[in-house]
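Worksheet: one structure, shown below.
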Amino acid sequence: MPLSRLLTIFVGITVILSLVLWLVSSLYRLYLQVAWTSPLLGQLLVLLIILLLGVLIAAFAYYIGLFPSVIQTKKRRRAAPKIPERKIEAASETLQALKQQVDLIQDEVAKQALISKSREIESSLARGDLQVVVFGTGSAGKTSVVNALLGRMAGQVGAPMGTTEVGETYILKLKGLEREILITDTPGILEAGEGGKEREKRARQLATEADLLVFVVDNDLSRSEYEPLRGLVEIGKRSLIVFNKTDRYPEAERELILARLRERVRGFVSMMDVVAVMANPQPVQLDGGGVFQMEPDIMPLIRRMAAVLRAEGEDLVADNILLQSMRLGEEARRLLDGQRRRQAEKIVERFQWIGAGAIALTPLPGLDLLATCAVNAQMVIEIGNIYGCEINKERGRELALSLAKTLAGLGIVKGAVNLVATALQTNPGTLAVGKAVQGISAAYITRIAGKSFIEYFRHDQDWGDGGIAEVVQRQFQLNRKEEFFKGFVKDAINRVVEPLKLDIPIQPADFPESTEIIPQQLDDIYDDWETPINRRSQDDW
């Protein structure tokens with residue numbers, strides 16, 4: 001115990017005993033005088049004096065630390081960690097939704113990868129460790145920082161760039177923190193060659209999984225370092241910036257670099273989160289020929305890291321688990337969307353040639369557009385099924401008719417016919433076939449319609465802010481690009497023009513998987529559509 005504290009206790013006890021003796025004598029005389037005139041008032045006076053003495057003694061006992069167990073118990077209760085329930089519930093719901101999406105994914109490799117990752121997140125939630133990831137270029141001294149934090153060798157210090165092939169994780173206990181801290185040393189970023197790119201990809205992946213990111217630099221931030229740091233902060237990574245190798249700079253230059261670093265990250269990293277260290281100081285050659293080795297100075301990082309983890313540790317764990325579960329859910333949605341898009345595009349390709357066949361098989365020219373709408377209605381139903389939307393025939397007809405009106409109103413029908421006619425002019429012998437332009441145009445219009453319907457179902461049966469017109473116009477522009485249109489016309493000539501030139505009846509078998517719509521159900525579709533409101537000529541459209 002310090003000498004000043006002992007003196008205070010001795011003086012305090014002496015003063016209290018002296019006051020007690022004086023008070024006993026003085027108060028006794030006062031009591032006799034008061035009690036002579038009013039006994040009740042005398043008793044109240046004695047009670048008040050006793051209470052005052054009790055408060056004085058309790059305050060002195062508190063000061064000298066007679067009640068440490070009570071204080072420690074209260075502190076221990078306040079320090080008990082508890083992850084915010086709201087965030088954990090959100091993460092659990094996201095993981096549950098992820099499992100439902102994973103069941104729909106057909107790619108077994110991707111499916112197993114998602115399942116494995118979701119199990120890792122659940123295990124991380126159960127363990128509750130704090131994940132600290134050390135990130136930066138290979139020359140910044142990341143491994144030296146890890147070594148200094150652990151107080152022992154954790155890797156090859158001073159080794160060439162690229163030594164840390166995969167993330168290596170070490171356990172660190174921090175006084176006052178109940179959770180274990182897992183520190184991961186990542187491969188360096190911005191390295192040359194294919195191997196360097198692969199290591200950087202791994203490092204970035206580890207960084208996105210961190211509760212706390214320690215970004216190590218050995219000078220001012222370059223643009224190539226700034227961009228990954230800013231990107232990680234923007235996705236929600238709590239970050240500390242460590243200016244390492246400060247022993248290599250004079251004090252004035254060191255302070256200047258530190259000030260520049262803080263200025264560069266102003267607005268997304270706090271100035272307090274930018275610290276300077278020397279994790280592995282270089283030996284200094286003395287004038288007499290000897291060598292002086294300075295001790296590492298890692299305390300600025302330890303103090304800041306401890307302050308952040310103690311104050312924000314529980315929130316960091318919860319935020320990171322929620323972020324990882326949401327990112328995994330987005331990856332599952334992306335895979336499922338790609339799978340559905342590929343399936344839907346196969347349906348569009350099948351129905352575009354069915355549409356061409358419908359035109360070729362239609363005996364009355366006035367029914368050409370009617371046949372195309374009928375085919376599109378069935379296509380909508382099948383695309384809807386791919387996206388888990390049950391579309392009945394009536395709804396399919398409404399969507400097909402609405403899209404047909406939009407195509408005509410935007411002039412896309414006329415534009416498609418002109419595009420096809422111009423393309424066929426470059427192919428000798430096709431002009432003699434009158435049905436060729438109509439059939440290929442129908443296939444092209446069906447393709448644009450199908451692509452538009454895919455966007456409609458991808459966005460939960462919503463055409464977006466621009467409405468159906470914007471979606472249709474965008475698909476028309478995408479499908480008129482030269483690199484696609486040449487291949488489309490070439491395929492159409494083989495499927496439509498050549499059979500017509502040879503006067504060969506076009507059968508459903510000439511079209512891939514051309515279902516019973518043609519010709520078995522086409523008459524029924526016509527009957528359903530042949531109402532006064534739907535009976536219009538091509539000129540009306």
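What you see is a predicted model; the values in this text were computed from it and never measured. Side chains included, hydrogens not; waters and symmetry mates left out as well; all remaining heavy atoms used.
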Next item on the list: Output yes when Glu234 and Arg230 qualify as a salt bridge under the 4.0 Å nitrogen-oxygen rule, no when they do not.
Entry: yes

Next item on the list: State which residues pass side chain to side chain donor-acceptor pair (under 3.5 Å) with Glu482; sequence neighbours excluded, sorted by chain then number.
Entry: Lys486

Notebook entry, point to check: Does Met379 reach the side chain of Ile383, with side-chain heavy atoms less than 4.5 Å apart?
Noted result: yes

Check: Relative to the ring of Tyr226, is the ring of Phe268 parallel (under 30°), tilted (30 to 60°) or perpendicular (over 60°)?
Finding: perpendicular

Check: Can you tell me how far CG of Asn320 sits from CG of Asp315, rounded to the nearest 0.5 angstrom?
Finding: 12.0 Å

Check: Less than 4.0 Å between a side-chain N and a carboxylate O, is that true for Asp211 and Lys237?
Finding: no

Next item on the list: Would you sort out whether Lys201 and Glu198 count as a salt bridge (charged side-chain N to carboxylate O under 4.0 Å, His left out), showing the intermediate values?
Entry: CA-CA 5 Å; Lys201 183 178 179 181; Glu198 286 299 318; 5.3 Å; no

Margin query: How long is the straight-line distance from OG of Ser139 back to CG of Asp218, given to the nearest 0.5 Å?
Written below: 5.0 Å

Check: Does Glu191 pair with Lys197 as a salt bridge, N-O distance under 4.0 Å?
Finding: no

Check: Aromatic ring centroids of Phe484 and Phe488 under 6.0 Å?
Finding: yes

Check: Any side-chain heavy-atom pair from Leu212 and Val133 closer than 4.5 angstrom?
Finding: no

Item checked: Distance-only side-chain donor-acceptor flag, Lys142 / Asn244, under 3.5 Å -> no

Margin query: One pair to check against salt bridge (charged side-chain N to carboxylate O under 4.0 Å, His left out): Arg327 and Glu330. What are the steps and the verdict?
Written below: CA-CA 5 Å; Arg327 287 171 64 87; Glu330 290 173 1; 5.9 Å; no

Item checked: Side-chain donor or acceptor of Ser116 paired with backbone N/O of Gln112 under 3.5 Å -> no

Checklist line | Salt-bridge contact Arg447-Glu349 (side-chain N to carboxylate O under 4.0 Å) | finding: no

Next item on the list: Report the relative orientation of the aromatic rings in Phe476 and Tyr444; use parallel for angles under 30°, tilted for 30 to 60°, perpendicular for over 60°.
Entry: perpendicular

Check: So how far is it from Leu229 CG to Ser222 OG, rounded to the nearest 0.5 Å?
Finding: 10.5 Å

Check: So which heavy atom on Leu316 is nearest to which on Arg238, and how close?
Finding: CD2-CB, 3.5 Å

Check: Going through the distances and angles, do Glu200 and Arg204 end up as a salt bridge (charged side-chain N to carboxylate O under 4.0 Å, His left out)?
Finding: CA-CA 6 Å; Glu200 178 170 346; Arg204 288 176 180 260; 3.0 Å; yes

Margin query: Could you work out, with salt bridge (charged side-chain N to carboxylate O under 4.0 Å, His left out) as the rule, every residue matching Glu394, not counting sequence neighbours?
Written below: none

Check: Is any NZ, NE, NH1 or NH2 atom of the basic residue among Arg474 and Glu470 found under 4.0 Å from an Asp or Glu carboxylate oxygen of the other?
Finding: yes

